[in-house]
Amino acid sequence: MRSRVPLSTGLLATLTLAASLLAVPPAQAADLPFQNPRLPLEQRVDDLLGRLTLDEKLGLLHQSQAAIPRLGIAYHKNGTEALHGVAWSNDLGDGWRQKFASGTVFPQAVGLASTWDPALIRKVGSAVGDEARGYNAADPVLWGTQVWAPVVDLLRDPRAGRNEEGYSEDPYLTGAISTAYGKGLQGDDPFYLKTAPVLKHYLAYNNETDRGITSSNLTPKLKHEYYEPAFKAAISADAATGVMASYNLVNGRPNHVNPDLDAVVRSWTGKTLYNVSDAWGPHALTDLEHYYDNKPEAFAAVLKSGLDSYTIDDNNSGPMVTHLKSALDQGLIAESDVNDAVRHVLSIRTRLGHFDPDGGPYKKITPAVINSPANQKLNRETAAKAAVLLRNAGTLPLARPKSATVVGPLADRLHRDWYSGQFPYEVTPLAGIKERVGDVSTAQGLERVALKHLASGKYVTATGTGPDDNAALLDTKPTAASQWDLTDWTGGVSTLRNAGNGKLLGGDWRSLDTDDAEPDGWYVQQQFALERQSDGSYLIRYAGYETVEGWYALSDPYVTVTADGALALAPKAEAARFGKEVVSDGIAEAAAQAAKAEVAVVVVGSHPFVSGREFHDRPNLQLGEGQRRLIEAVRKANKKTVVVLETSYPVVVDAPTLLWTTHAGAETGHAVADVLFGDVNPAGRLTQTWPASDDLPSRFDYDLTKTGMTYLYGKSRPLYAFGHGLSYTSFGYQALRVQGEQVTVKVTNTGRVRGDEVVQLYTHQRESRFVQPVKQLRGFQRVTLNPGESRTVTFPLKKSDLAVWDHTRGKWVVESATHDVLVGSASDRIRQTTTLRVSGESVPVRDLTRTTRAMDFDDYSGVVFADESKVAGEVVEGSAGDWVSFTKASWGSRLTAAVASAGGGSFEVRSGSPTGQLLATVPVPATGGIYQYGTVSATVKAGSGALYLVFKGDLRLKDFALAR
């Protein structure tokens with residue numbers, strides 16, 4: 001364990017000096033209106049806007065905003081990453097190279113949410129905001145004060161590569177945690193911002209595979225009820241200053257030109273928002289998605305859709321300015337569009353204090369806050385409160401054992417992730433346990449193997465630690481250089497660490513070498529999958545991240561051997577066959593140690609850079625085979641075994657005593673020990689469902705009502721349910737009541753020790769015109785109770801909270817219905833129930849004589865949701881056999897429909913079912929393109945019930961009416 005000390009005084013002095021050299025001195029006294037803190041925001045912004053040239057205004061639309069010395073305006077860079085601590089930024093003075101912070105690294109975001117404690121998370125956000133200001137004080141050019149956090153993407157599918165960045169699969173919980181974190185980042189001043197948080201990533205972004213070309217299929221109902229509310233919660237609470245557009249498309253339109261960025265997101269608040277693109281996103285519109293033919297058209301569309309900042313071309317705003325000027329010349333945008341966006345920029349920069357003579361109140365924060373003792377203490381508290389006790393066979397808490405063995409690949413290692421800084425110090429689980437137990441043994445619990453090339457009889461051997469020292473077939477008997485410690489992480493992906501030089505085997509684009517200490521970087525090249533063949537031999541598949549890039553020529557690369565004996569990569573047909581020889585059995589060694597110890601702690605889990613991360617989803621949720629065998633071996637050797645599972649996402653694994661933590665930062669070891677030994681009574685709760693198997697629907701299907709993903713619509717029994725988590729004490733629930741607009745329940749600590757309970761309120765609407773969730777979270781509170789202590793927990797529950805989206809009329813509605821009111825400690829552990837009768841309205845029969853949008857269907861099969869135009873609107877696109885239905889409806893006999901088709905087609909009108917009575921076949925002639933709509937008509941038999949429109953050829957259906 002390295003010592004825990006704040007940033008050194010000498011380094012602070014150096015950074016502060018560098019910052020002073022980079023600052024832009026005011027060109028004149030601070031007497032211009034935009035510099036006057038006493039004037040209203042709008043007046044200050046209008047004054048500054050009027051002083052800017054067109055080139056200066058356009059430059060402010062870039063992520064890297066040049067200084068304007070004539071006005072005393074300093075350089076500003078958007079986008080310091082601050083997801084769970086200040087992480088990294090790009091250095092203007094060093095070729096835009098990524099520079100990492102070394103401050104407080106809090107638990108990953110999914111771990112922060114597992115505390116179910118918004119008050120605590122607000123403190124965490126405040127600490128991160130302080131450190132962001134501390135870094136800005138040291139170097140204001142490198143460390144900007146617009147921070148790109150929190151991530152609000154809902155964790156709909158646990159296989160998504162960025163699972164650790166989000167909070168929860170539930171929009172209510174996600175909204176509460178993101179609001180708390182954002183409020184902390186912003187600070188408590190009513191006007192000035194400590195930092196300006198930006199919510200990532202708008203909207204419905206939960207797959208990394210083909211993220212820039214896949215379209216998330218959102219029904220209007222789920223869009224309003226599930227995907228938007230988490231963003232709306234933080235924006236409407238003024239806990240964020242904007243959103244970042246996501247890489248994916250929604251219903252056929254790229255999110256970087258989603259009109260909702262302006263029309264919807266900005267309607268959620270009266271404050272000015274400053275929306276930004278994701279990195280390279282504007283270029284994707286032409287270069288990847290081919291949505292627009294040229295850059296001026298694409299960049300104009302980005303601006304008009306509601307984005308105010310282009311995160312492109314590193315620190316070079318020149319290309320953006322050129323494209324926007326061309327767009328102005330062509331009349332694609334007007335200077336008023338530029339002015340609107342620049343007002344948004346200047347508004348937030350004014351609130352950040354950029355134009356105040358003294359820099360505003362938060363300018364007083366110094367680098368001394370970075371990794372402060374107070375933040376270290378808060379980090380330890382948060383990591384402990386985030387831990388979730390999944391199972392307990394009575395082993396925990398540990399009662400002062402005299403000896404322990406702590407084994408596993410994560411026993412004495414901590415790993416940062418892509419959106420964290422470097423650890424200024426580390427307390428590993430081993431170190432934390434050693435502080436409490438006198439006799440502690442340890443082992444990684446890994447197999448050390450030799451890989452024998454079966455054709456030659458030689459072994460895979462490391463030749464050095466340089467990039468040109470290619471691994472080769474050299475040894476005829478295994479030596480240290482030809483022995484490898486094998487770590488099976490998750491998803492069947494492993495790393496191989498050379499026993500001789502301690503470095504990892506990795507790809508070097510085509511050759512293989514050992515020059516890396518850890519998996520790291522954008523292209524993590526230290527990943528392999530050992531695939532056992534029917535004859536007992538192995539093929540070694542290279543699983544480096546660059547293999548999915550379009551320029552990478554080998555789509556499925558395997559390890560082969562060149563004529564001179566060097567290792568290389570080739571197609572599977574040319575793969576070499578290897579024997580895997582176990583040189584030393586670390587699993588057996590760990591089990592032997594466990595047999596001698598009073599207690600065994602097995603620390604297993606994932607590596608944040610291996611088998612899933614940004615740009616890469618996971619193929620499955622399996623813990624590595626070697627780690628599973630380690631768990632079983634140690635359990636057999638010692639009945640008093642605790643498994644500590646450290647992952648960024650759910651995995652399919654079980655053990656009698658199982659404690660889960662995410663990668664929890666520098667204080668992980670202290671936090672784990674605090675829980676294991678009972679100093680902290682665990683009360684973390686899962687924020688997403690842990691499936692019982694890998695038998696999951698397509699990760700590209702976002703319709704939860706059909707896939708059954710998340711606790712809201714899932715009906716199968718999970719491994720661990722949403723909200724699950726155990727305690728060292730027990731709690732009783734009594735006297736659940738609904739009175740007026742509040743729900744109360746009495747909770748009592750019925751156990752012997754003090755503990756926290758997370759009381760969760762759910763509802764279920766019994767009767768509805770629409771598909772309803774199995775249950776839905778409506779409130780939660782984390783309460784601390786002493787043994788025997790009771791408390792009445794109160795939840796607000798307004799009638800309006802029970803509104804549902806009525807897609808038949810395009811509005812929110814409260815239906816007359818009976819609601820089950822459910823209170824418990826998890827979504828599957830309901831302790832008290834009652835009912836609530838709500839007087840609302842009945843949704844009337846659908847009147848299809850009026851023009852009805854095709855997207856407002858009741859059900860569908862096979863169709864694609866598509867863009868009506870490149871500017872706005874959504875339509876249904878179908879081909880032979882696809883259909884949409886409109887139920888509980890009435891219709892007349894005169895059909896008219898707005899359709900588009902490149903080649904022509906037809907659709908059928910049927911009643912009752914897709915194969916029910918044929919009412920009409922409607923030919924659709926070619927309209928000239930998918931965005932060119934024509935009108936078709938037919939005569940049908942008037943009626944009521946369920947109407948089906950069945951596609952018989954490729955076409956897009958915009959809307960229709962069946963007049964009487």
How long is the span from the [atom1] atom in [X] to the [atom2] atom in [Y], to the nearest 0.5 Å?
X: Asp139; Y: Asp91; atom1: CG; atom2: CG; value: 6.5 Å
X: Asp153; Y: Ser168; atom1: CG; atom2: OG; value: 12.5 Å
X: Ser372; Y: Leu378; atom1: OG; atom2: CG; value: 9.0 Å
X: Ser267; Y: Asp260; atom1: OG; atom2: CG; value: 9.0 Å
X: Thr286; Y: Asp293; atom1: OG1; atom2: CG; value: 9.5 Å
X: Glu228; Y: Leu218; atom1: CD; atom2: CG; value: 9.0 Å

- Message: Determine whether Ser64 and Tyr75 satisfy the following criterion, side chain to side chain donor-acceptor pair (under 3.5 Å), listing intermediate values before the conclusion.
- Response: CA-CA 8 Å; Ser64 181; Tyr75 172 84; 2.6 Å; yes
- Query: So Val86 and Val105, side-chain contact (heavy atoms from CB on, under 4.5 Å) or not? Walk me through it.
  - Reply: CA-CA 7 Å; Val86 181; Val105 180; over 6 Å; no
- Task: Dump the intermediate steps for salt bridge (Lys or Arg N to Asp or Glu O under 4.0 Å) on Arg44 and Asp47, then the final yes or no.
- Result: CA-CA 5 Å; Arg44 296 179 69 182; Asp47 175 73; over 6 Å; no
For residues [X] and [Y], determine if any side-chain heavy atom of one lies less than 4.5 Å from a side-chain heavy atom of the other.
X: Leu41; Y: Phe191; answer: yes
X: Lys77; Y: His62; answer: no
X: Leu112; Y: Leu120; answer: no
X: Asp189; Y: Tyr362; answer: yes
X: Leu155; Y: Tyr167; answer: no
X: Asn315; Y: Asn90; answer: no
X: Leu346; Y: Leu52; answer: yes
X: Lys194; Y: Asp130; answer: yes

Proximity of [X] and [Y] rings by center, below 6.0 Å:
X: Tyr202; Y: Phe231; answer: yes
X: Tyr274; Y: His344; answer: no
X: Phe106; Y: His84; answer: no
X: Tyr310; Y: His283; answer: no

- Under the side-chain contact (heavy atoms from CB on, under 4.5 Å) rule, what do Glu874 and Glu868 come out as? Steps first, then yes or no, please. CA-CA 5 Å; Glu874 296 173 344; Glu868 176 185 336; 5.8 Å; no
Sidechain-backbone polar pair: [X] side chain, [Y] backbone, donor-acceptor under 3.5 Å:
X: Asp356; Y: Asp358; value: no
X: Arg122; Y: Ala180; value: no
X: Glu208; Y: Phe615; value: yes
X: Glu56; Y: Thr53; value: yes
X: His354; Y: Thr350; value: no
X: Tyr135; Y: Ser102; value: yes
X: Ser215; Y: Gly252; value: yes
X: Gln376; Y: Asn371; value: yes
X: Ser216; Y: Val250; value: no
X: Asn294; Y: Glu297; value: yes

What are the two closest heavy atoms between [X] and [Y], and how far apart are they?
X: Leu249; Y: Gly212; result: CD1-O, 3.7 Å
X: Lys57; Y: Val338; result: CB-CG1, 4.2 Å
X: Leu71; Y: Gln35; result: O-NE2, 3.8 Å
X: Asn275; Y: Val243; result: OD1-N, 3.0 Å
X: Leu332; Y: Lys304; result: O-CD, 3.6 Å
X: Arg416; Y: Phe423; result: N-CE1, 3.6 Å

- Is Lys99 atom NZ crowded by more than 12 heavy atoms from other residues, nucleotides or ligands, each under 6.0 Å away? yes
- Test Asp188 against Lys183 for salt bridge (Lys or Arg N to Asp or Glu O under 4.0 Å), laying out the working first. CA-CA 8 Å; Asp188 297 325; Lys183 286 282 191 182; over 6 Å; no
For residues [X] and [Y], is any side-chain donor paired with an opposing acceptor at under 3.5 Å?
X: Asp867; Y: Tyr291; answer: yes
X: Gln65; Y: Arg349; answer: yes
X: Gln63; Y: Asn78; answer: no
X: Gln98; Y: Trp96; answer: no
X: Gln108; Y: Tyr419; answer: no
X: Gln330; Y: Ser326; answer: yes
X: Asn248; Y: Ser246; answer: yes
X: Asn379; Y: Thr104; answer: no
X: Glu131; Y: Asn375; answer: yes

Any Lys/Arg nitrogen of [X] or [Y] sitting under 4.0 Å from an Asp/Glu carboxylate oxygen of the other?
X: Lys200; Y: Asp278; answer: no
X: Asp287; Y: Lys295; answer: yes
X: Asp417; Y: Arg162; answer: no

- Message: One pair to check against salt bridge (Lys or Arg N to Asp or Glu O under 4.0 Å): Glu667 and Lys377. What are the steps and the verdict?
- Response: CA-CA 9 Å; Glu667 287 287 340; Lys377 181 180 178 181; over 6 Å; no
- Note on the structure: Test side chain to side chain contact (heavy atoms under 4.5 Å, CB included), reference Ile235, set Thr179, Leu199, Thr241, output is Leu199
- Within 45° cone of Tyr292 ring axis and under 6.0 Å: Lys870 NZ or CZ: yes
- Ring-face cation of Arg613 near Trp522 (centre distance under 6.0 Å, axis angle within 45°): yes
- Message: Once you measure the plane-to-plane angle for Tyr205 and Tyr247, does it fall in the parallel (<30°), tilted (30-60°) or perpendicular (>60°) bin?
- Response: perpendicular
